[in-house]
**Q** 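For reference, the structure I am asking about is given below.
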Protein chains: 2
Amino acid sequence: MNLKELALRLGLSPTTVSRALNGYPEVNETTRARVMAAAKRHNYRPNTRAIRLATGRAMAVGHVIPLATRHEIVNPVFADFIAGAGETYSRNDYDMVLSVVSDADEETTYRTLRSKGNVDGVILHAPRLDDPRIPLLREIGLPFVVHGRSTGSATPYAWVDVNNRRAFQRATEFLLDLGHRRIALVNGLEFMDFAIRRRTGYLDALAARGIAPDPALMTSEEMTEISGHRIGARMLAQPDPPTAFLASSMISGMGVRRAIEERGLVMGRDVSVIIHDDDLSYMKNGEDVPIYTATRSSVREAGRIAAEMLLGLIAAPGQEPPHRLLEADLIIGQSTGPAPTGPAPR
Amino acid sequence: MNLKELALRLGLSPTTVSRALNGYPEVNETTRARVMAAAKRHNYRPNTRAIRLATGRAMAVGHVIPLATRHEIVNPVFADFIAGAGETYSRNDYDMVLSVVSDADEETTYRTLRSKGNVDGVILHAPRLDDPRIPLLREIGLPFVVHGRSTGSATPYAWVDVNNRRAFQRATEFLLDLGHRRIALVNGLEFMDFAIRRRTGYLDALAARGIAPDPALMTSEEMTEISGHRIGARMLAQPDPPTAFLASSMISGMGVRRAIEERGLVMGRDVSVIIHDDDLSYMKNGEDVPIYTATRSSVREAGRIAAEMLLGLIAAPGQEPPHRLLEADLIIGQSTGPAPTGPAPR
DNA sequence: AATCGGATTCAAACCGCTTTGGATGGCGCA
DNA sequence: TGCGCCATCCAAAGCGGTTTGAATCCGATT
């Protein structure tokens with residue numbers, strides 16, 4: 001059942017039927033009702049491909065998922081971010097098209113997406129320092145929103161980000177207030193923009209209390225359980241071990257916890273741990289009470305917001321690039337406590 | 001730059017240019033070379049929307065991601081499955097469109113996808129027992145491939161699945177060979193088809209050795225760390241605790257491990273653990289040597305295979321639905337050992 | 001020399017919708 | 001009665017490709 005056929009049955013022209021269905025004013029309300037009814041009755045759905053060609057809009061947005069060729073890692077937060085964004089898209093009748101692409105091909109992908117007209121805009125994931133994709137997208141004129149920010153980028157751009165600096169600053173302050181002085185930072189890879197900001201927040205808080213950072217307490221690695229465990233174990237074996245850890249993700253936090261418990265110590269009593277919690281649906285920080293004290297910010301919510309921003313940008317191009325800074329909550333769990341006085345047990 | 005304009009510059013008709021670019025035989029090779037060169041020079045890319053309308057094909061496949069409304073869980077294996085499938089799609093110039101949809105709207109989504117012509121086929125995720133989506137898709141005539149299987153489904157359908165039954169049977173046998181007699185099953189929710197099959201494999205292995213299953217050792221919950229921990233703790237506190245655990249995912253296995261260590265026991269020495277390892281890129285089972293003994297099957301590879309199967313189905317419809325059963329590897333890690341003789345320590 | 005057939009090329013229809021630029025008809029008003 | 005103005009509807013021209021059916025060219029065949 002297509003428009004022409006429906007029009008035929010109604011004894012109307014395709015023009016009128018199209019207008020009736022799309023809510024244009026120049027059609028009699030009685031007629032509109034008739035058309036609507038007939039459309040429903042015959043289960044008519046306009047062909048998306050035709051709409052797209054006729055309107056020149058793709059009614060789709062792209063998410064280009066870079067596959068770091070070296071370690072082939074798929075970022076675990078994607079699933080939730082996309083779930084959030086997806087809700088927004090379906091509500092607005094947009095398709096979400098994903099391109100999984102090795103990062104060598106990323107530039108080509110954007111250019112192709114643009115010239116073939118597959119999408120009306122894209123979300124940029126996992127930005128780095130002075131990310132070259134930002135000027136690229138600007139140059140080819142494809143509307144985009146960055147999930148995160150890119151320190152050093154000269155081009156203005158739209159973004160949605162968590163206030164990572166402030167989150168880690170607050171977390172550090174919280175630990176300092178509990179009396180901790182040796183606080184380890186288990187950070188993600190620092191070519192990623194968010195990792196840099198987190199470190200800055202950590203350093204700022206230390207500096208404000210006049211505490212010199214100890215390089216031996218600062219690491220920057222992939223955020224896996226293994227890596228968290230290795231780092232935790234190594235640091236706790238030091239002569240002057242940290243009494244608290246600040247971990248960039250729940251997963252690495254779990255590794256740290258394992259290292260703590262392996263030494264017969266108790267998390268929250270002997271050693272404190274704060275993690276950053278993306279509030280992933282398949283990785284909850286406890287069921288009712290949080291296990292870990294955490295800086296929490298829902299990545300799913302970020303997805304929703306980024307998607308809305310992008311649709312706005314597509315609808316009204318040429319405006320000043322908007323942005324949104326989300327504050328993370330500091331939620332108190334059972335993994336933190338006052339710094340132990342005296343020598344550590346064992 | 002579009003086809004008409006390119007044709008104009010070349011002094012050819014759009015017909016010829018189109019044919020030259022698409023490799024049709026009825027065009028002089030000299031002309032073809034000229035056309036190709038001009039296309040490259042002017043950076044011509046045919047407009048996808050026009051191709052789609054003209055050919056009647058969407059050149060896109062859909063992945064409908066159900067969002068269980070109750071717990072709003074995004075399945076953590078999606079990211080990797082999709083990464084695998086995505087590679088296949090880009091190689092074949094197909095788009096991957098994701099619809100995130102609450103499972104109440106799932107039927108509508110499939111029907112809409114079909115009648116609006118957004119996709120040429122879909123991948124069905126997370127099948128349940130006698131899954132109603134299978135006859136639905138068959139009825140509306142949308143080609144599809146199921147990731148997993150659906151016990152009890154009368155309609156034939158295409159699928160790609162891991163041999164879950166056999167994997168868990170082998171894992172159980174392995175533990176039995178090590179002398180374990182009280183083996184706990186920490187299974188996923190058993191309305192999911194894969195969970196049922198895993199339990200069957202476990203039961204089969206026990207039965208083959210004449211061991212009666214103990215309901216107190218069999219659980220079926222969401223596969224989270226918390227849940228694994230709770231189950232592990234409860235079971236280990238029983239009067240006659242299990243000496244081994246079989247966990248349906250690495251995450252729940254991590255919870256079990258924590259419960260073990262909390263009791264001062266050592267995994268692999270006092271209590272054995274086998275997990276199922278989907279080989280997720282962000283959740284590796286150890287770096288060089290595996291930590292957990294595991295039944296391993298790459299979900300990313302499954303994505304690749306399912307995507308290829310679907311593209312095949314789209315290209316040649318009406319054939320007998322193909323399927324592919326992937327065997328899981330049983331890889332030996334450090335989490336298993338001979339059953340302790342005598343009473344458990346402590 | 002006339003005919004034939006293969007190799008090339010082209011004009012035009014078509015895919016299913018939107019949108020522009022009129023037509024048509026009824027009604028109020030001078 | 002004549003005119004202008006709305007309200008309503010329609011024919012036709014796109015959108016940018018693919019594909020059908022036919023034309024043209026040319027060397028080969030008879």
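These values consider heavy atoms only, across backbone and side chains, with no hydrogens, waters or symmetry-generated copies. Per chain, numbering begins at 1; letters A, B, ... match sequence-line order. All of these numbers come straight from a predicted model, not from anything done at the bench.
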**Q** Distance check: side-chain N/O of B:Ser18 vs OP1/OP2 of D:dT18, anything under 4.0 Å?
**A**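 Affirmative; the distance criterion is met.
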**Q** Hey, does B:Asp120 have a side-chain heavy atom less than 4.5 Å from the side chain of B:Leu113?
**A**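 In short, these two side chains do not touch, never coming nearer than 4.5 Å.
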**Q** Starting at the 5' end of DNA chain C, which residue's closest nucleotide do you reach first, B:Ala50 or B:Pro14?
**A**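 The residue whose closest nucleotide sits nearer the 5' end is B:Pro14.
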**Q** With DNA chain C as reference, determine whether B:Ala54 or A:Thr16 sits nearer its 5' end, using the nearest nucleotide of each.
**A**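 Nearer the 5' end of the strand: B:Ala54.
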**Q** Among residues two or more places apart or on two chains, list those pairs meeting salt bridge (Lys or Arg N to Asp or Glu O under 4.0 Å) that have a residue in residues 29-40 of chain A.
**A**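 Of all non-adjacent pairs touching residues 29-40 of chain A, those that pass salt bridge (Lys or Arg N to Asp or Glu O under 4.0 Å) are A:Glu29-A:Arg32.
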**Q** Please determine if B:Asp95 and B:Arg52 form a salt bridge, counting it only when a charged side-chain N lies under 4.0 Å from a carboxylate O.
**A**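 Looking at B:Arg52 together with B:Asp95, the answer is yes, because their closest N to O distance falls below 4.0 Å.
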**Q** Using the side-chain heavy atoms of B:Thr55, tell me which of these nucleotides is nearest: D:dC9, D:dA11, D:dT18.
**A**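 The closest nucleotide is D:dT18.
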**Q** Assess the side chains of B:Asp105 and B:Thr108: does a donor N or O sit below 3.5 Å from an acceptor N or O?
**A**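 B:Thr108 and B:Asp105 do not have a side-chain donor-acceptor pair below 3.5 Å.
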**Q** Does any pair with a residue in residues 139-161 of chain B pass salt bridge (Lys or Arg N to Asp or Glu O under 4.0 Å), and if so which ones, sequence neighbours excluded?
**A**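 Pairs touching residues 139-161 of chain B that pass the test: B:Arg111-B:Glu139, B:Arg149-B:Asp161.
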**Q** Check DNA chain D against residues 20-30 of chain B and give the residues with a non-hydrogen atom under 4.0 Å, in numerical order.
**A**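 Residues of residues 20-30 of chain B that come under 4.0 Å of DNA chain D are, in numerical order, B:Asn22, B:Tyr24.
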**Q** Phosphate oxygens OP1/OP2 of D:dT18: is one of them under 4.0 Å from a side-chain N or O of B:Thr15?
**A**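 False: B:Thr15 side-chain N/O out of range (4.0 Å or more) of D:dT18 OP1/OP2.
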**Q** Can you give me every donor-acceptor pair (side chain of residues 54-62 of chain A, partner residue at least two apart or in another chain, under 3.5 Å) with its distance?
**A**
{"residue": "A:Thr55", "atom": "OG1", "partner": "A:Ile51", "partner atom": "O", "Å": "2.7"}
{"residue": "A:Thr55", "atom": "OG1", "partner": "A:Arg57", "partner atom": "N", "Å": "3.3"}

**Q** As an exercise, state the distance from CZ of B:Arg49 to OG1 of A:Thr48, rounded to the nearest 0.5 Å.
**A**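 Nearest 0.5 Å value for the CZ-OG1 distance: 13.0 Å.
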**Q** Which pairs would a plain distance check flag for residues 4-14 of chain A, meaning a side-chain donor or acceptor within less than 3.5 Å of a matching protein atom at least two apart in sequence or in another chain?
**A**
{"residue": "A:Glu5", "atom": "OE2", "partner": "A:Arg9", "partner atom": "NH2", "Å": "3.1"}
{"residue": "A:Ser13", "atom": "OG", "partner": "A:Thr15", "partner atom": "N", "Å": "3.4"}
{"residue": "A:Ser13", "atom": "OG", "partner": "A:Thr16", "partner atom": "N", "Å": "3.2"}
{"residue": "A:Ser13", "atom": "OG", "partner": "A:Thr16", "partner atom": "OG1", "Å": "3.3"}

**Q** Can you confirm whether more than 12 heavy atoms, excluding those of A:Arg91, are under 6.0 Å from its CZ atom?
**A**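 Above 12, so yes.
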**Q** Going by the rule ring pair (Phe, Tyr, Trp, His ring centres under 6.0 Å), which residues pair with A:Phe81 if we only count those two or more places apart in sequence or in a different chain?
**A**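 For A:Phe81 the ring pair (Phe, Tyr, Trp, His ring centres under 6.0 Å) partners, ignoring immediate neighbours, are A:His125, A:His147.
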**Q** Quickly work out the B:Glu5 CD to D:dG17 C1' distance and round it to whole Å.
**A**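 So the two atoms are 15 Å apart, to the nearest Å.
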**Q** What range of DNA chain C does chain B touch, first nucleotide to last, counting atoms under 4.0 Å from its heavy atoms?
**A**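 First and last nucleotides in contact are C:dT8 to C:dG16.
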**Q** Under 3.5 Å, which N/O atoms of the protein pair with N/O atoms of nucleotides 22-28 of chain D?
**A**
none

**Q** With sequence neighbours left out, what residues match A:Asn28 under side-chain hydrogen bond (donor to acceptor under 3.5 Å, both in side chains)?
**A**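 A:Asn28 satisfies side-chain hydrogen bond (donor to acceptor under 3.5 Å, both in side chains) with A:Thr30 only.
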**Q** Among residues 37-49 of chain A, which contact DNA chain C at a heavy-atom distance under 4.0 Å?
**A**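 Contacting residues: A:Tyr44, A:Pro46, A:Asn47.
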**Q** Using the test side-chain hydrogen bond (donor to acceptor under 3.5 Å, both in side chains), find all partners of A:Asp131 that sit at least two apart in sequence or belong to another chain.
**A**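 Scan of A:Asp131 (side-chain hydrogen bond (donor to acceptor under 3.5 Å, both in side chains), adjacent residues dropped) gives A:Arg133.
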**Q** Does A:Leu53 reach a base, just sugar-phosphate, or nothing at all? Heavy atoms under 4.0 Å.
**A**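 Base contact - A:Leu53 has a heavy atom under 4.0 Å of at least one base atom.
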**Q** As a quick check of understanding, evaluate side-chain contact (heavy atoms from CB on, under 4.5 Å) for B:Met36 and B:Leu21, giving each step before the final call.
**A** CA-CA 6 Å; B:Met36 298 285 233; B:Leu21 293 172; 3.9 Å; yes
**Q** In terms of ring plane angle, is the pair B:Tyr282 and A:Tyr282 parallel, tilted or perpendicular, where the classes change at 30° and 60°?
**A**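 The arrangement is tilted - the two ring planes meet at 30° to 60°.
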**Q** Under 4.0 Å, counting only non-hydrogen atoms across every strand here, what does A:Gly117 touch: a base, just sugar-phosphate, or nothing?
**A**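 Nothing: the residue A:Gly117, judged by heavy atoms under 4.0 Å, touches no strand.
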**Q** Bend angle of the helix from C:dA1-D:dT30 to C:dA30-D:dT1 from five-pair axes at both ends, rounded to 10°?
**A**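 Overall, the helix from C:dA1-D:dT30 to C:dA30-D:dT1 bends by 70° from one end axis to the other.
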**Q** Quick one: A:Arg32 CZ to D:dA7 P, roughly how many Å, whole number?
**A**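 After rounding, the reported distance stands at 14 Å.
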**Q** Does the side-chain contact (heavy atoms from CB on, under 4.5 Å) test come out yes or no for A:Tyr157 and A:Ser150, once each step is laid out?
**A** CA-CA 9 Å; A:Tyr157 59 95; A:Ser150 174; 4.0 Å; yes
**Q** Does A:Ser13 make a side-chain N or O approach to OP1 or OP2 of D:dC10 shorter than 4.0 Å?
**A**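 Yes, such a contact exists.
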